[in-house]
Amino acid sequence: MSAVVAEGLSKRFGATEALRGVDFEIERGKVLGLLGPNGAGKTTAVRILCTLLEPDAGRAFIDGIDVLAEPRRARSRIGLTGQFAAVEERLTGFENLQHVGRLFHLQTSEARRRARELLDRFDLVEVGNRVAKTYSGGMRRRLDIAMSLIGRPSVLFLDEPTTGLDPRSRLGMWDVIDELGRSGTTTLLTTQYLDEADRLADEIVVIDHGAAIARGTADELKRRVGGELVEVVLADPGDGQRVIDLLAPRALGTGQVVTGTSMVAIPVEDLTGIVPAVVRDLDAAGIEVLDVGTRHSTLDDVFLALTGRPAEEHAPDDGDSEVGPEAEVRALAATHQAQEEALS
Amino acid sequence: MTATQSLTQAGARDETPSGLMWSLRDCWTEASRHLRALPRNPEVLVFSTIQPVMFVLLFAFVFGGAINVPGYDDYNQFLIPGIFAQTVLFGSTFAAVGLAEDMSKGIADRLRSLPMFEPAVLIGRTFADLIRNLITFVVMLAVAFAIGFRFEGTLAEALVATLLLLSFAYAFTWINALLGVSVSSVEAANSASFTWIFPLTFVSSAFVDPRSMPSWLEPIARNNPFTIATNAVRALYNGRAAGSDLWLALAWAVAITVVFAFLASRKFTSSTR
């Protein structure tokens, strides 16, 4: 039996169709990434599964419990970390945890014991007796997740857990979620960050305008646009179509000129020996290139292929702010990984 | 990873215990969230102690000598119960702001996703506000005594007056609770609650005799439930017969509490938003 089942979830707010018949299941112990831009319907789906919102149509089950029929029973199985760090600023970290533990109807001594255990687990022992108002964004988020784990839920909901965090805190949060995932916490993670879903989720459901438009593992999704990409930077942007045609025999799908650049991206199956081959082809055709490189395709490419638009364009609100931190996070992640490898 | 493994559990669990005792405990847990935070929030303490003291002193010294009310030799004996009533009613607006904050910060969602007694969030809040209003009242009373205010009646009458005052303010806390769970932001809650509390408390008998008002305003002021409560409280503190005002004010308090507690709880627990 799947830990979470969503069947044909539909919800309309006035003229907006937030969800249009979305289905998904989460196997016990797995992390499902619900990936989509702002306003795609991710939060609406989470709110329905967490018994906060009634769908217009469809059904939802947590551990086989119908959330519409028995919301209170369902609530004893779930932990919710919403979009905003829902911590009581006027209470200390310890008091926040204890408070939620008591509302989960744990015995007083058990609530205290759990609070101490979670402070320790989430690196908050030193600040446990400070009021949460003084916490940094990353500390608040960690406390927030700790609070949603106090009742030992069988399913954890993380709604955009890294939105609004600085790059360093975001990496810290990734480690926390990664570890929860590895320890077998059934998790529904929503995110608008493609690299986040790629890194943390076992399976991904891409949702756009209230409908699931693709699903699979990150690798499966990437394979839909070709697993690997060759990128050619041209001296003359006008050569784009010629290059795409010239390299078509080596390509897996159709190459594309990357909008606004003089770069052509060609999906291929295997990178082995591809660069010399491409350079020879281009040289023979007399096309001047500035650079030829390869990279693994990302979920950005998937989104582009699925919707015809890059993911960031969907979210004009924070489109600008996303590009900077995203790139920064990737750079930091690379350093992070290099350090880890050096240590081990 | 053993520590992490114990963070969640994969198997089926028993349902979280519930029942009347657990519901009451939830109410107390929620009330204690606010009570514990009270001494840590200087703004709230200032608003609930220093500001009322200022009100008593300003009104008493600024208007005290200028206004004559028929039937009262000393205007302060007339005015101070009015200030008490107005101040505790102002105190009822904390619920609107506090609940709007819980709603907008995601705290309400977190609480509603727990297997708790949901109305406890509102009951705990209103109860904590009642305690804070009691503190405010005690501070004001001390200052009022210092500038010469006296209970002219029996201690029992003064006690009944105080209970009526606080239960009337408690009833209004529920109106503000409904506001708090209905509006979209903290700022909206703040302005929305004062928008009706101000005229309600001024177009009343709190500071002047309604007979001194324009003829179109007088009947409004006279029938204002706040006037009825103020009149009853004032009469009791001054050892005079409160008459039907006492029962009418109590009826208002009970009716407002019942109706608005129901409406606010229904709004808070509804899952249509």
Side-chain angles (χ1 to χ4, degrees), chain A residues 3 13 28-29 47-48 50-54 63-64 68 70-91 95 99-100 102-106 117-118 120-121 131 133 144 146-149 151-157 159 179-180 182-186, chain B residues 1-19 21-23 25-44 98 101-118 120-121 124 268-273:
Chain A
F13 298 105
R28 189 165 303 291
R47 289 176 59 83
I48 290 171
C50 290
T51 75
L52 299 177
L53 187 68
E54 274 176 36
D63 286 347
L68 287 168
E70 298 181 278
R72 194 147 170 171
R73 258 186 87 204
R75 284 172 193 178
S76 60
R77 313 288 180 109
I78 61 171
L80 167 66
T81 300
Q83 271 194 36
F84 308 100
V87 302
E88 172 60 75
E89 292 191 333
R90 306 167 298 172
L91 297 185
E95 287 168 342
H99 182 246
V100 175
R102 288 176 64 90
L103 292 176
F104 226 99
H105 297 178
L106 302 180
E117 184 185 329
L118 286 161
D120 181 47
R121 170 65 191 76
V131 288
K133 200 175 196 158
D144 198 26
M147 283 161 76
S148 59
L149 288 169
R152 295 181 201 279
S154 65
V155 180
L156 177 64
F157 292 88
D159 194 8
E179 211 177 316
L180 288 171
R182 279 203 304 265
S183 69
T185 307
T186 309
Chain B
M1 295 305 290
T2 47
T4 313
Q5 266 149 11
S6 71
L7 288 178
T8 55
Q9 57 138 42
R13 58 183 291 150
D14 292 336
E15 195 178 341
T16 305
S18 59
M21 287 318 286
W22 284 106
S23 300
R25 210 185 91 153
D26 287 348
C27 294
W28 172 245
T29 303
E30 272 296 286
S32 66
R33 164 160 77 106
H34 305 297
L35 292 175
R36 209 180 275 197
L38 192 57
R40 296 175 193 168
N41 198 335
E43 295 149 49
V44 174
E101 208 168 303
D102 279 357
M103 302 292 283
S104 65
K105 280 186 177 170
I107 292 177
D109 277 357
R110 142 94 16 95
L111 295 173
R112 287 190 53 222
S113 76
L114 297 174
M116 65 179 286
F117 174 58
E118 287 175 84
V121 176
F268 182 72
T269 57
S270 96
S271 42
T272 51
R273 271 167 296 163

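So that the names make sense, note that chain A is the first sequence line, chain B the second, and so on, each numbered from 1.
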ask   = What pairs with A:Glu89 under salt bridge (charged side-chain N to carboxylate O under 4.0 Å, His left out), at least two apart in sequence or on another chain?
value = A:Arg140, B:Lys105
ask   = Non-hydrogen atoms of chain B under 4.5 Å away: do they reach the side chain of A:Ala85, the backbone, both or neither?
value = backbone
ask   = Does some side-chain heavy atom of B:Asp109 sit less than 4.5 Å from a side-chain heavy atom of A:Arg47?
value = yes
message = Could you report the tightest heavy-atom contact between A:Phe84 and B:Ser104, atom names first, then the distance?
response = CD1-O, 4.1 Å
key: Close side-chain approach of A:His99 to B:Leu111, heavy-atom, < 4.5 Å   = yes
query = Partners of B:Asp102 by side chain to side chain donor-acceptor pair (under 3.5 Å), sequence neighbours excluded?
reply = B:Arg33
query = Side chain, backbone, both or neither: which part of B:Glu30 has a heavy atom under 4.5 Å from chain A?
reply = both
message = Is A:Val87 in contact with chain B via its backbone, its side chain, both, or neither, using a 4.5 Å heavy-atom distance?
response = backbone
query = Are any of the side-chain heavy atoms of A:Thr51 and B:Arg112 separated by less than 4.5 Å?
reply = no
request  = For the residue pair A:His105 and B:Leu114, establish whether any side-chain heavy-atom pair is separated by less than 4.5 Å.
outcome  = no
key: For A:Ala86 against B:Arg110, the heavy-atom pair lying closest together   = O-NH1, 3.4 Å
message = Could you check whether any side-chain N or O of A:Arg102 sits under 3.5 Å from a backbone N or O of B:Asp26, counting only pairs where one atom can act as donor and the other as acceptor?
response = no
task = Verify side chain to side chain contact (heavy atoms under 4.5 Å, CB included) between A:Arg90 and B:Leu38, making sure each step is shown before the conclusion.
result = CA-CA 9 Å; A:Arg90 306 167 298 172; B:Leu38 192 57; over 6 Å; no
ask   = Would you say B:Arg36 and A:Glu88 make side-chain contact, with heavy atoms under 4.5 Å?
value = no
inquiry  = Can you tell me which of B:Ala120, B:Ala37, B:Ala108, B:Gly106 forms the most heavy-atom pairs within a distance under 4.5 Å of chain A?
reply    = B:Ala37
task = Please flag which part of A:Asp144 lies under 4.5 Å from any non-hydrogen atom of chain B: side chain, backbone, both or neither.
result = both
